[in-house]
Amino acid sequence: MENRNFIRTIIEEDLRTGKHAFPITRFPPEPNGFLHLGHARAILMNYHLAIEYGGYFNLRFDDTNPVKEDLIFVEGMKEDIAWLGCDWKNVLFASDYFEEMYQRAMLLVTKGLAYVCDLTPDEIKDYRGDLTSPGKDSPYRNRSIDENTALFAAMRNGEFKDGEKVLRAKIDMASPNMNLRDPIIYRIQRAYHHNTKNQWCIYPMYDFAHPLEDAIEGITHSLCSLEFEDHRPIYDWFVKHCEMPKVPRQIEFGKLIIANQITGKRHIRKLVEDGVVEGWDDPRLITLSGLRRRGIPPKAIENFIKALGLPKSQGETEIEMFYEYVRDYLSVEARRIHGVIDPIKVVITNYPENHVESLEAPFHRDNEALGTRTVNFGKVLYIEREDFIETKPNKKWKRLSLGEEVRLMHAYFIKAMQVIYDDNGEVLEVHCTYDDKTKSGSGFNDRKPNGTIHFVEASTAQEVEIRLFENLLLEENDRNAPIEERLNPNSKVVRKGYIEGNVKPKSSEAFQFTRLGYFALDQDSKEDNLVFNRVVELKSSYKIKK
RNA sequence: UGGGCUAUGGCCAAGUGGUUAAGGCAUCGGACUUUGACUCCGACAUCGGUGGUUCGAAUCCACCUAGCCCAGCCA
């Protein structure tokens with residue numbers, strides 16, 4: 001099931017040569033938003049690669065920018081990651097290392113490899129040059145080590161205003177790699193930090209902080225996405241010149257992008273504000289919290305991610321592939337019950353009035369461990385509207401129609417005798433007869449029914465709310481149109497339906513409603529008002545032939 | 001236009017000089033079926049292009065083309 005990948009090859013090589021005894025990885029999110037399916041690749045791959053090769057995995061919050069970060073995001077992320085089944089060895093924060101980072105930066109200063117720069121942001125931008133022309137040295141680039149030492153200490157002590165000065169690495173203003181044009185290491189920013197409170201008024205920048213965090217933790221393989229490829233030289237530069245005892249290796253891979261899904265923070269925020277979606281955990285979103293609420297099993301996410309592998313190229317994966325892994329998992333694990341979403345009434349004319357009998361039925365034909373339940377049968381039933389048509393259209397029709405006999409799953413054969421229509425010409429009732437010799441499990445084999453359909457006994461059925469979801473965005477004609485113009489008006493449809501009476505659903509358990517799809521209880525459910533989300537539909541090879 | 005990276009069937013993805021070019025998703029046939037599900041069989045590519053090296057190349061070289069990333073005191 002699991003693809004080979006180039007990172008595996010690297011790790012195996014490092015183990016073989018004795019460079020490392022075991023791998024140590026980490027997932028380093030900035031706590032400034034919500035995790036989505038795309039992040040699951042980084043989380044699961046970091047975790048499983050470490051565990052599989054006998055190492056361990058850390059969760060580290062990269063909280064070096066207090067104005068964007070918040071504790072509520074760290075709690076949410078921990079919940080999502082734990083839900084995916086990734087047990088971190090340590091929960092760490094970049095901010096735990098602020099003192100050491102400061103000391104390492106000071107080391108750079110004393111080695112003449114970093115300097116305090118007084119240029120304004122605009123000037124810095126100016127001096128940086130652009131993609132095709134080299135930058136110019138800052139006039140402050142050649143301050144003495146003593147002066148820089150004093151100035152950097154003064155920055156820490158709060159002697160300057162926000163933004164007044166920065167500490168920069170002295171590398172090469174003419175480098176064709178923009179990241180090497182004397183990158184900023186520290187900025188002055190008086191902001192409350194969720195972890196260090198008001199202890200610091202200077203904060204390290206990503207390019208400086210990240211390699212040190214990895215090195216401090218002894219991370220062996222530091223996985224990140226492709227856009228950091230040209231940061232690798234600077235990553236290595238800081239590890240080396242800061243004299244870090246342990247040397248991590250940055251390896252870049254392609255992010256997981258799911259086609260035609262909304263994952264951008266500002267986009268989702270707008271959908272929430274506009275009321276298109278009900279929150280960050282709306283089941284139509286592919287945020288981890290949304291998938292969880294919808295009823296997607298985390299193991300299905302893991303299987304999907306492992307099947308995708310870890311490429312160095314960047315593609316877009318179709319959401320259908322993900323859904324297939326959800327079905328694949330649920331097909332084995334989910335209990336089956338009968339549910340009817342668009343009911344029509346079936347009256348069994350030769351069945352006694354006011355009588356309901358109980359029939360035993362397995363929850364899963366091929367998985368006995370899931371046990372059995374009793375299914376009620378009586379004179380009045382509900383079947384799915386689309387399972388009946390007055391005149392059998394062709395030999396392929398494997399459902400109910402006048403004069404045809406079908407099996408009601410786990411019950412009896414019934415034959416349709418008469419249709420009652422309402423004033424609008426809609427089918428109101430189908431009158432049928434049943435044959436008591438055909439009871440399920442009796443071994444009756446004299447006739448073959450025209451297919452098998454499911455049903456719910458009306459008097460004992462539980463009425464439930466069912467939420468049917470479709471993709472938030474319509475299949476793209478022009479993918480560049482604004483999101484508001486691409487929204488699917490039917491992304492959420494709420495229906496009243498019925499499920500069989502003797503099953504008490506447990507929260508967050510996904511059921512298969514036989515022949516319809518997988519459904520799981522939503523958190524909005526109440527004792528007397530069960531609410532189901534459709535997790536995924538079942539596949540169907542049924543084609544309407546003209 | 002400077003630098004970095006990528007390019008294998010509709011989608012994802014193995015493959016690193018000699019294989020019938022893995023596998024998954026999708027699709028199309030067919031078998032089975034108390035779910036038109038599941039399961040099971042079968043079909044489905046010559047590797048962005050062009051030259052070259054080689055007995056032999058998706059794998060090496062050259063040139064070309066296309067796409068992505070980089071000019072935050074964001075990560």
Side-chain angles (χ1 to χ4, degrees), chain A residues 1-6 9 28-30 32 62-65 67-69 117 119-121 124-126 128-135 162-168 175-181 183-189 202-203 205-207 209-210 224-233 252 254 256 259 303-304 306-325 327-328 331-332 336 338 361-362 364-366 396-399 406-411 413 438 440-441 449 451-454 512-517 537-543:
Chain A
M1 138 120 19
E2 182 150 5
N3 270 323
R4 272 222 64 81
N5 62 64
F6 76 103
T9 306
E30 181 185 21
N32 71 343
D62 210 355
D63 56 349
T64 58
N65 185 5
V67 307
K68 288 192 172 178
E69 295 148 9
C117 182
L119 255 24
T120 66
I124 287 182
K125 184 173 158 59
D126 247 30
R128 188 153 31 219
D130 62 29
L131 295 180
T132 50
S133 41
D162 284 13
E164 190 178 335
K165 293 184 187 332
V166 291
L167 183 71
R168 296 229 249 169
S175 173
N177 182 343
M178 299 292 292
N179 299 114
L180 263 22
R181 320 247 261 227
I184 293 168
I185 303 177
Y186 268 93
R187 77 276 212 182
I188 303 171
Q189 191 165 58
I202 57 173
Y203 291 95
M205 299 288 289
Y206 170 86
D207 276 327
H210 205 87
C224 66
S225 47
L226 258 19
E227 67 264 34
F228 291 105
E229 226 153 1
D230 9 303
H231 294 244
R232 194 179 343 122
E252 310 83 16
L256 171 57
N303 293 344
F304 167 65
K306 286 182 172 176
L308 287 174
L310 207 47
K312 173 104 183 176
S313 56
Q314 183 66 75
E316 284 195 356
T317 300
E318 295 167 342
I319 190 76
E320 276 307 322
M321 179 170 171
F322 172 60
Y323 291 148
E324 187 50 28
Y325 279 83
R327 286 186 202 101
D328 181 67
S331 143
V332 177
R336 276 103 230 254
H338 294 168
H364 188 130
R365 198 190 66 181
D366 305 315
K396 295 269 194 182
W397 177 258
K398 293 300 205 188
R399 306 180 190 186
V406 298
R407 183 197 306 275
L408 290 181
M409 195 187 295
H410 301 130
F413 289 11
T438 60
S440 282
T452 300
I453 65 172
H454 60 94
Q512 184 191 115
F513 288 0
T514 309
R515 302 205 307 135
L516 297 179
E537 292 183 85
L538 244 34
K539 265 196 305 205
S540 172
S541 60
Y542 177 57
K543 309 271 189 317

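Each chain gets a letter, A, B and so on, in the order its sequence line appears, and its residues count up from 1.
Taking only side-chain atoms of A/D366, from C-beta outward, the nucleotide of B/C38, B/U34, B/U6 with the closest atom is B/C38. Of the candidates B/U34, B/A37, B/A13, the closest approach to any side-chain atom of A/R407 belongs to B/U34. Taking the side chain of A/K312 as heavy atoms from C-beta on, and the options B/U34, B/C5, B/U33, the nearest nucleotide is B/C5. Of the candidates B/G4, B/U34, B/A37, the closest approach to any side-chain atom of A/R365 belongs to B/A37.
The separation between A/M409 atom CE and B/C38 atom P is 14 Å, rounded to whole Å. As rounded to whole Å, 13 Å separates atom P of B/G36 from atom NZ of A/K396. If you measure from atom CG of A/L308 to atom P of B/C12, you get 10 Å, rounded to the nearest angstrom. The distance between atom CZ of A/R232 and atom C1' of B/G4, rounded to the nearest whole Å, is 9 Å. Here the C1' atom of nucleotide B/G36 and the CD atom of A/Q512 are 13 Å apart, to the nearest Å. Atom CZ of A/R515 and atom P of B/A37 are 11 Å apart (whole Å). The interatomic distance linking A/L516 (CG) with B/C38 (C1') rounds to 16 Å, in whole Å. In this structure, A/K398 atom NZ and B/A37 atom P are separated by 12 Å, rounded to whole Å.
B/C5 and B/G9 have their P atoms separated by 23 Å, given to the nearest Å. Comparing the C1' positions of B/G17 and B/C38 gives a spacing of 43 Å, expressed to the nearest Å. Taking atom P in both B/C61 and B/A66, the straight-line distance is 22 Å, to the nearest Å. Straight-line distance between the C1' atoms of B/G23 and B/U50: roughly 32 Å, to the nearest whole Å. A gap of 12 Å separates the P atoms of B/U59 and B/U16, to the nearest Å. B/A58 and B/A7 have their C1' atoms separated by 11 Å, given to the nearest Å. The P atoms of B/C25 and B/C68 are separated by 30 Å, rounded to the nearest whole Å. Remark: the separation of the P atoms in B/C47 and B/C11 is 16 Å, to the nearest Å.
Residues meeting the side-chain hydrogen bond (donor to acceptor under 3.5 Å, both in side chains) test with A/S541, sequence neighbours left out: none. Residues forming a salt bridge (Lys or Arg N to Asp or Glu O under 4.0 Å) with A/E318 (at least two apart in sequence, or on another chain): none. Among residues two or more places apart in sequence or in another chain, the ring pair (Phe, Tyr, Trp, His ring centres under 6.0 Å) test is passed with A/F322 by A/F304. The salt bridge (Lys or Arg N to Asp or Glu O under 4.0 Å) search around A/D130 returns none, not counting sequence neighbours. Under the side-chain contact (heavy atoms from CB on, under 4.5 Å) criterion, A/P233 pairs with A/N177, A/L180, sequence neighbours left out. Applying the side-chain contact (heavy atoms from CB on, under 4.5 Å) criterion to A/L119, with sequence neighbours excluded, gives A/C117, A/E123, A/I124, A/Y127, A/S138, A/P139, A/Y140, A/R168. Legend: residues meeting ring pair (Phe, Tyr, Trp, His ring centres under 6.0 Å) with A/F413, ordered by chain and number and at least two apart, are A/F444. Here A/Y206 pairs with A/H210, A/F228 under the ring pair (Phe, Tyr, Trp, His ring centres under 6.0 Å) rule; sequence neighbours left out.
The distance from atom CG of A/L308 to atom CG of A/N5, rounded to the nearest 0.5 Å, is 11.5 Å.
The residue A/G135 sits apart from the nucleic acid: no heavy atom pair falls under 4.0 Å. No engagement by A/R181 is indicated, since no non-hydrogen atom pair under 4.0 Å with the nucleic acid exists.
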Close N or O pairs between protein and nucleotides 42-44 of chain B (under 3.5 Å):
none

Is there any protein nitrogen or oxygen under 3.5 Å from a nitrogen or oxygen in nucleotides 24-28 of chain B, and what are the pairs?
from	atom 1	to	atom 2	distance (Å)
B/G24	O2'	A/Y325	OH	2.3
B/A26	OP1	A/E324	OE1	3.1
B/A26	OP1	A/K539	NZ	3.4

Filtered N/O pairs between nucleotides 20-22 of chain B and protein, under 3.5 Å:
from	atom 1	to	atom 2	distance (Å)
B/A22	N1	A/N3	OD1	3.2

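At the phosphate of B/A37, OP1 or OP2 sits under 4.0 Å from a side-chain N or O atom of A/S541.
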Give the intermediate values and the outcome of side chain to side chain contact (heavy atoms under 4.5 Å, CB included) for residues A/N65 and A/Q189. CA-CA 9 Å; A/N65 185 5; A/Q189 191 165 58; 3.5 Å; yes

Applying ring-ring contact (aromatic ring centres under 6.0 Å, His included) to A/H410 and A/H454, what does each step give before you reach the verdict? CA-CA 8 Å; A/H410 301 130; A/H454 60 94; over 10 Å; no

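Scanning atom types as modelled, one donor and one acceptor separated by under 3.5 angstrom connect the side chain of A/S440 and the base of B/U34.
The side-chain heavy atoms of A/M205 and A/I185, taken from C-beta on, include no pair separated by under 4.5 Å.
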Take nucleotides 69-75 of chain B nucleotide by nucleotide from the 5' end and write B, S or -, depending on whether a protein heavy atom sits under 4.0 Å from the base, only from the sugar-phosphate, or from neither. SBBSBSB

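Under 4.0 Å is where a charged nitrogen must lie from a carboxylate oxygen, and between A/E320 and A/K539 no such pair does.
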